[in-house]
Amino acid sequence: QVQLVESGGGLVQAGGSLTLSCVASRSTSGINGMGWYRQAPGNERELVASTTSTGSTNYGDSVKGRFTISRDNAKNTLYLSMNSLKPEDTGVYYCNAYRILDFLRNQRHNYWGQGTQVTVSS
């Protein structure tokens with residue numbers, strides 16, 4: 001079992017920056033990937049950025065070039081550096097970690113944090 005705790009959210013003006021952190025309760029060895037998702041009111045949860053245990057990264061189209069995901073395995077911590085923030089980046093940001101249960105069937109066991117609110121004012 002892995003508990004994930006996010007921090008770093010807040011209120012920022014458009015064009016500003018924030019860095020989110022996600023601390024895992026134990027070593028993330030055995031975790032195949034981690035990422036950040038966000039959910040705005042009335043919208044579905046969407047992928048913001050993810051990284052795998054091999055170091056590959058993936059970003060949602062709307063954040064490419066502005067957000068950077070990184071991971072410090074020694075600190076069991078995942079980061080999301082957000083620059084040039086826009087009002088449409090507003091939402092609750094959730095940290096995710098997953099273990100692959102069945103690769104061929106794309107079955108995963110997901111762990112989720114409680115979320116941290118990011119609000120970008122215009």
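The residues of the chain are indexed from 1 along the displayed sequence. Heavy atoms only: backbone and side chains are in, while hydrogens, waters and symmetry mates are out.
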Among pairs that include at least one residue of residues 1-24, which meet ring-ring contact (aromatic ring centres under 6.0 Å, His included), considering only residues two or more places apart or in two chains?
-> none
Any donor and acceptor pair, going by atom type alone, linking the side chain of Asn58 with main-chain N or O of Ala49 inside 3.5 Å?
-> no
Minimum heavy-atom distance between Ala14 and Pro87, given as atom pair plus value | CB-CD, 4.1 Å
Quick one: SG on Cys22 to OH on Tyr79, what's the gap to the nearest 0.5 Å?
-> 10.5 Å
Output all residues satisfying side-chain contact (heavy atoms from CB on, under 4.5 Å) with Thr54, sequence neighbours left out; order by chain, then residue number.
-> Thr52, Ser56
Would you please name every residue forming a side chain to side chain donor-acceptor pair (under 3.5 Å) with Glu88, sequence neighbours left out?
-> none
Below 3.5 Å, can you tabulate the donor-acceptor pairs from side chains in residues 1-8 to any protein atom, sequence neighbours excluded?
| unit_1 | atom_1 | unit_2 | atom_2 | d |
| --- | --- | --- | --- | --- |
| Gln3 | OE1 | Ser25 | OG | 3.4 |
| Glu6 | OE1 | Gln114 | N | 3.1 |
| Glu6 | OE1 | Gly115 | N | 2.9 |
| Glu6 | OE2 | Cys95 | N | 2.8 |
| Glu6 | OE2 | Gly115 | N | 3.1 |

Can you check side chain to side chain contact (heavy atoms under 4.5 Å, CB included) on Thr19 and Leu80, steps first, answer last?
-> CA-CA 5 Å; Thr19 296; Leu80 183 68; over 6 Å; no
For Thr57, enumerate each residue passing the side-chain contact (heavy atoms from CB on, under 4.5 Å) test, keeping only those at least two apart in sequence or located in another chain.
-> Thr51, Tyr59, Ile69
Considering non-hydrogen atoms only, spot the tightest contact between Leu78 and Ser70 and give its length.
-> CD1-O, 3.3 Å
Any pair counted as ring-ring contact (aromatic ring centres under 6.0 Å, His included), so long as it reaches residues 18-53, sequence neighbours left out | Tyr37-Trp112
By side-chain contact (heavy atoms from CB on, under 4.5 Å), which residues pair with Glu46, not counting sequence neighbours?
-> Arg38
Mind jotting down which residue pairs meet the side chain to side chain donor-acceptor pair (under 3.5 Å) criterion with at least one end in residues 97-109? Sequence neighbours excluded, please.
-> Arg99-Tyr111
Give a yes or no on whether Met82 and Val23 share a hydrophobic cluster (residues Ile, Leu, Val, Met, Phe, Trp, Tyr; joining criterion: side-chain heavy atoms under 4.5 Å apart).
-> no
Cluster link Leu101 to Leu104, ILVMFWY, side chain under 4.5 Å | no
So which pairs with a foot in residues 16-31 pass salt bridge (Lys or Arg N to Asp or Glu O under 4.0 Å), sequence neighbours left out?
-> none
Of all pairs that satisfy salt bridge (Lys or Arg N to Asp or Glu O under 4.0 Å), the ones with a partner from residues 56-71, not counting sequence neighbours | Asp61-Lys64, Arg66-Asp89
Please name all residues satisfying side chain to side chain donor-acceptor pair (under 3.5 Å) with Gln117, sequence neighbours left out, ordered by chain then number.
-> Thr119
In this structure, CG of Leu11 is separated from OG of Ser121 (nearest 0.5 Å) by 5.0 Å
For the pair Thr77 (side chain) and Lys75 (backbone), establish whether a donor and an acceptor sit closer than 3.5 Å, ignoring hydrogens and angles.
-> yes
Under the side-chain contact (heavy atoms from CB on, under 4.5 Å) rule, collect the residues that match up with Ser17, sequence neighbours excluded.
-> Asn83
Rounded to the nearest 0.5 Å, the CG atom of Asn96 sits from the OG atom of Ser50 at a distance of 8.5 Å
Judged by atom type as modelled, is there a donor-acceptor pair below 3.5 Å linking the side chain of Thr90 to the main-chain atoms of Val120?
-> yes
Got a second to check how far Tyr94's OH is from Leu47's CG, nearest 0.5 Å?
-> 15.0 Å
Minimum heavy-atom separation for Ala97 to Ile31, with atom names?
-> CB-CG2, 4.0 Å
